[in-house]
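One structure below.
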Amino acid sequence: MAPQQTGSRKRKASALEAGAGSSSSQGLMSAGHGEGPLLPKKQKRPATLRSLVHYLKGRTVGALGRAWLPGFEGKLRGYAVQRLPELLTERLLALGTLNKVFASQWLNATQVVCGTKCNTLFVVDVQSGQINRIPLMRDRMPALARDQPTCGIHAIELNPSKTLLATGGENPNSLAVYQLPTLDPVCLGDRHGHRDWIFAIAWMSDTVAVSGSRDGTMALWRVDPDMFIGNIPWHNDAALPLYTHIRPKDVEAIPRASSNPSNRKVRALAFSGKNQELGAVSLDGYFHLWKARSTLSRLLSIRLPYCRENVCLTYCDELSLYAVGSQSHVSFLDPRHRQQNIRPLCSREGGTGVRSLSFYQHIVTVGTGHGSLLFYDIRAQKFLEERSSASSDSFLGPTGRKLKLTCGRGWLNHDELWVNYFGGVEEFPNALYTHCYNWPEMKLFVAGGPLPSGLHGHYAGLWS
């Protein structure tokens, strides 16, 4: 980054330390004395243990028996989550001529696996920039009518133990499962499954996944542990890896809406581990809740308040809350309470839509179709704000301006379509179709590409 930002970053870092110490001391203050039954006296905590310095020193030497440390650590983590966005700086990643990154997941501290519109599955090392392509699995029987090759890979999900990865196959209607960390092929769900592209995937457990398709169905798949535990990948005479071809255990159709029966495409899924329930969003403007066991049983369907371009969904276990992204809003749903107490937030990004969403604690990260990242505090029900730095020895005060991280230009292919239909416009905002956090490393991977469907290009950046 530019040298002139160094002083600002130092001031922000010092404010983070000072703010964390202040927040922790408030959290550790004891309540006032009042009338009531006589309780055993708690051992008083030395005042010196209330500082961040003593907390870190105690953690370093392995201080035992201090029950207050987990609570302190929780407050510190919550404070860091709220302050991290304003400290992030961007480093662009070059992806060659790949077209529009639709999905991404961290594999480890340095590697991210991605899927693109040009149907490429690859792993990028965010430190070295090296890219390794992963071979896609092919259906056992060639399709009678080939799908459009520009559909691409829309979903990548890791199971809870991070031993399996589910995504699309060479045929975007099929579900492909790879073993981690080797990325050896395990199985391909290409039998009696979907008749159209897979848009979303969610794991119910380490061996059960659900896929949502443009054909308006959801399929439940079970991966037999014998397929991958202790197995050595077998190869045929052509030295190509072999894998099992599987069929779904259950397929359920999204109910048809009377208002728009032809547009019940499943666009996004999110699983609640606490309630063992699966949320699904369809393009006809409905949210559907399913009970996920050995089969899928629908519990309810709710008409969404904003029905245009509902393309992303996320869930927060701590708040028992779903968030749905639409053309210009994020709506919050608690399926157990029909009367919603949290008002929708408006992204106000030129109507280009909310393209990616994630929850972490009480902060919602919003990736827009206009190349920006926004951060919403669900507890305060407002966006995080920029902070001014009047002096290095004072707290950074809010400015009233919404905190917005604007992503770089990325790469755009200057082909004939760009010249003839877009007038050779040099720069288009990139839609941020995917983002994922690596919280232990305090890093954020963001990727996407130009919003117009005809344009060929990409954006990828590491924010840290």
Side-chain angles (χ1 to χ4, degrees), residues 88 90-105 112-122 124 126 129 131 133 147-156 167-168 172 197 199-200 214 265 267-268 283 308-312 325-330 347-358 365-374 404-436 444-463:
L88 294 174
E90 179 191 43
R91 180 166 64 85
L92 290 175
L93 299 172
L95 303 180
T97 59
L98 293 173
N99 189 23
K100 296 180 184 175
V101 181
F102 283 155
S104 65
Q105 291 289 341
V112 180
V113 59
C114 304
T116 71
K117 182 177 180 179
C118 53
N119 224 32
T120 300
L121 182 67
F122 68 94
V124 58
V126 297
I131 294 175
R133 300 196 180 202
D147 293 278
Q148 297 180 26
T150 56
C151 157
I153 296 171
H154 288 266
I156 298 174
T167 185
W197 308 340
F199 272 156
R214 205 172 76 147
K265 304 168 184 175
R267 196 60 183 84
L283 284 180
R308 303 185 67 179
E309 297 186 33
N310 295 296
V311 297
C312 50
S326 66
Q327 187 179 54
S328 56
H329 291 80
V330 176
S347 68
R348 292 199 176 113
E349 288 293 301
T352 54
V354 176
R355 299 296 162 176
S356 58
L357 277 176
S358 68
T365 303
V366 181
T368 74
H370 207 69
S372 60
L373 290 165
L374 306 174
K404 180 167 68 173
L405 302 183
T406 302
C407 295
R409 294 179 57 177
W411 172 79
L412 182 64
N413 187 18
H414 295 173
D415 53 13
E416 290 185 9
L417 187 143
W418 169 73
V419 173
N420 296 331
Y421 290 92
F422 295 94
V425 176
E426 283 293 332
E427 189 173 345
F428 278 88
N430 288 297
L432 305 183
Y433 294 113
T434 179
H435 69 262
C436 52
L444 171 62
F445 177 83
V446 186
L451 188 60
S453 60
L455 288 178
H456 183 116
H458 68 254
Y459 163 82
L462 178 68
W463 292 78

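Bear in mind that the values here come from a model prediction, so they are computed numbers and not experimental data.
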*Between Val446 and Tyr459, does a side-chain contact (heavy atoms from CB on, under 4.5 Å) hold up when you go through it step by step?*
CA-CA 8 Å; Val446 186; Tyr459 163 82; 4.0 Å; yes
Residue pair [X] / [Y]: nearest heavy atoms and the distance that separates them:
X: Cys118; Y: Leu98; result: SG-CD2, 3.9 Å
X: Ala268; Y: Ala200; result: CA-CB, 3.7 Å
X: Val124; Y: Ile131; result: CG2-CG1, 4.1 Å
X: Gly454; Y: Leu417; result: O-CD2, 3.4 Å
X: Ile156; Y: Gly115; result: CD1-N, 3.4 Å

Test your reading of the model: is there a side-chain donor-acceptor pair from [X] to the backbone of [Y], 3.5 Å cut-off?
X: Lys100; Y: Pro450; value: yes
X: Glu90; Y: Gly408; value: yes
X: Thr167; Y: Ala155; value: yes
X: Asn310; Y: Leu283; value: no
X: Asn413; Y: Leu455; value: no
X: Thr434; Y: Ser104; value: yes

What is the distance from atom [atom1] of [X] to atom [atom2] of [Y], rounded to the nearest 0.5 Å?
X: Gln105; Y: Phe445; atom1: CD; atom2: CZ; value: 11.0 Å
X: Thr365; Y: Leu444; atom1: OG1; atom2: CG; value: 7.0 Å
X: Leu412; Y: His458; atom1: CG; atom2: NE2; value: 10.5 Å
X: Leu451; Y: Leu432; atom1: CG; atom2: CG; value: 10.5 Å
X: Trp197; Y: Cys151; atom1: CH2; atom2: SG; value: 4.5 Å
X: His456; Y: Lys117; atom1: NE2; atom2: NZ; value: 9.5 Å

*Got a sec, which residues hit ring-ring contact (aromatic ring centres under 6.0 Å, His included) with Phe122, two or more places apart in sequence or on another chain?*
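Applying ring-ring contact (aromatic ring centres under 6.0 Å, His included) to Phe122 gives none.
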*Set of side chain to side chain donor-acceptor pair (under 3.5 Å) partners for Thr116, sequence neighbours left out*: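 If we apply the side chain to side chain donor-acceptor pair (under 3.5 Å) test to Thr116, skipping adjacent residues, there are no hits.
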*Does the side chain of Arg267 reach to within under 4.5 Å of the side chain of His154, using non-hydrogen atoms?*
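Arg267 reaches His154 side chain to side chain.
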*Flag side-chain contact, heavy atom, 4.5 Å: Arg308 against His329*: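 With C-beta onward as the side chain, the pair stays apart.
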_Evaluate Cys407 against Asn430 for side-chain contact (heavy atoms from CB on, under 4.5 Å), listing each step before the verdict._
CA-CA 8 Å; Cys407 295; Asn430 288 297; 6.0 Å; no
_Of Thr97, Leu92, Leu95, the residue whose pairing with Trp411 passes side-chain contact (heavy atoms from CB on, under 4.5 Å)_ =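 Of all the options given, the one that passes is Thr97.
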